[in-house]
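Everything below concerns the one structure shown next.
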Amino acid sequence: MTEQKRISNALKFEVTGQCPESRARAGVVTTAHGEIETPIFMPVGTLASVKSVSVEELKSCGAQIILGNTYHLYLRPGMEVIEHMKGQHRFMNWDRPILTDSGGFQFFSLAKLAKFSDEGVSFQSHIDGSRHLFTPEKAVEIQSILGSDIMMSLDWCIGHPADKRETLEALKKTTLWAKRGVTYWQEHGAPNALFGIVQGGMYKELRALSAEQLIDLDFPGYAVGGLSVGEPTELMYEMADHTVPLLPAGKPRYVMGVGTPQNLVELVGMGVDMFDCVMPSRNARNGQLFTEKGTINISNARFRLDDAPIDETCQCDTCRNYSRAYLRHLYKTRELLAYRLNTIHNLHFYLNLMKEVRQAIRTGTYLTFKRQFYSKLQE
RNA sequence: GGUGGGGUUCCCGAGUGGUCAAAGGGAUCAGACUGUAAAUCUGACGGCUCAGCCUUCGGAGGUUCAAAUCCUCCCCCCACCA
């Protein structure tokens, strides 16, 4: 009998700073494509592209790692292209780490096209209606071909509200699939790391159960999934605050799909290391821009003659070079440049926020930072 | 000068007796967006003392219980002919 590889060895994580008065911590994750500093925000690049910006621009925004999506890339361009192009990194010319979501979220957001079973998820493509089967093994296989530095286990994400029976069923399936993913990973010797995803809806005991079952599988990192799925923010915080401490302190902890700048600052204080969210990129394309003092909608008439940058304190390429009046004009006229410049700003804002958060944790001033963050918002 | 077509709420444009403050676009204004089917979606868009009332469909008259819609005259625009 061959000795099984320990999946937890697939990724290195080192805690480099801890905030004394909260659970916030800073750290470094080492992947096949280099290190990332935590807490970190990961821009979402579903289709091997963070919409509207180039990888050069992403780097200038300070992006250290980005997301890709298994479901979307499997459908288009398809695995033949990815294999031929030797993986997602080379395909899109991004040489830093990539984390891919397993597709679990798509089976939630495209639920009418998906059918769940022990085997996996059979679904119809949202593009052409063709039928496909995703198993936990296949999810790992596809992500290996994509060359993801961090792969996500196939999970069953449910919305809010959901009754306990339904939540438990999704949780059980998520654990079963996690086990099968780990087994597949061990049998095929994938070099990529695989994270487990805690489910359990808004039930604390189910969150605990899910965490416990996944910890047994000894993943190198853990995600908390199924948050920000329609529940009030306070409930989301409550669930995160309950779940995150149950996860191993020596491994990265990732809250999936969250959130607003305030969400990130709060969750960091609960010990979360990694985040992703479409908000900065999508909202940029929809005209909502983030500033220290809160969000603005660049299409508002009050910016028509405004010669100031989006945010006076921002050092992004957009703020250093362009006025609100110009950005409003670009947005109102649907000039393509609007999407790009807005996205650069929002991503820079998020990434810079995390940079400041890391700095504050390392210097033991996280709580002060948090206070200042909120007081600026109120100005 | 003749013949034909037309002037509708910010713009384009439906509507040809009541169900019309008037379809549909656009523009404008505001909002939403949380592991991206999203450069998307929603709402407002004549005025007011707002479940009602007032003003509006080139202008002025008229017919009718009732007119953006029918009649008369006038003004303006477009096409073709001379």
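Order of the sequence lines fixes the chain letters, A, B, ..., with proteins taken first and strands second; residue numbering starts at 1 for each chain. Just so you know, these numbers use all the heavy atoms, side chains as well, and skip hydrogens, waters and symmetry mates.
Across all strands, A:Gly226 comes closer than 4.0 Å to base atoms (heavy-atom distances). At a threshold of 4.0 angstrom between heavy atoms, the contacts of A:Asn300 are confined to the sugar-phosphate backbone, with no base atom among them. Using a 4.0 Å heavy-atom criterion, one finds that A:Ser52 contacts no nucleic acid atom at all. Base contact: A:Leu336 has a heavy atom under 4.0 Å from a base atom. Residue contacts for A:Leu227: at a heavy-atom cut-off of 4.0 Å it reaches no nucleic acid atom on any strand shown. Across all strands, A:Gln199 comes closer than 4.0 Å to base atoms (heavy-atom distances). Among the protein residues, A:Arg282 comes within range of the nucleic acid bases, having at least one heavy atom under 4.0 Å from a base atom. Residue A:Asn69 is classed as a sugar-phosphate contact, given heavy-atom separations below 4.0 Å to backbone atoms only. Residue A:Gln106 is classed as a sugar-phosphate contact, given heavy-atom separations below 4.0 Å to backbone atoms only. Within 4.0 Å of A:Asp276, counting heavy atoms only, lie sugar-phosphate atoms of the nucleic acid but no base atom.
When the C1' atom is used for both B:C12 and B:A38, the distance is 29 Å, rounded to whole Å. Taking atom P in both B:A66 and B:C75, the straight-line distance is 30 Å, to the nearest Å.
The side chain of A:Lys112 sits closest to B:A37 out of B:A30, B:G35, B:A37. Relative to the side chain of A:Thr260, the nucleotides B:C33, B:A37, B:U34 differ in distance, and B:U34 lies closest. In the set B:U34, B:G31, B:A37, the nucleotide with an atom closest to the side chain of A:Ser228 is B:U34.
Counting heavy atoms from C-beta outward, A:Phe41 and A:Cys277 have side chains that approach closer than 4.5 Å.
Pair check for B:C73 finds B:G59; Watson-Crick or G-U wobble, both atom distances under 3.5 Å. The partner of B:C80 is B:G2, judged by Watson-Crick or G-U wobble contacts that both fall below 3.5 Å. Base-pair partner of B:C20: not found among the strands shown (Watson-Crick or G-U wobble, both distances under 3.5 Å).
A sub-4.0 Å separation between OP1 or OP2 of B:A37 and a side-chain N or O of A:Ser109 is present.
Remark: the A:Asn263 side chain and the A:Tyr237 side chain contain an N/O donor-acceptor pair separated by less than 3.5 Å. A donor-acceptor contact closer than 3.5 angstrom links the side chains of A:Thr343 and A:Ser52.
At least one test fails for A:Arg207 against the ring of A:Tyr203: distance under 6.0 Å to the centre or angle within 45° of the axis.
Ring to ring, A:Trp156 and A:Phe107 are not that close: their centroids are 6.0 angstrom or more apart.
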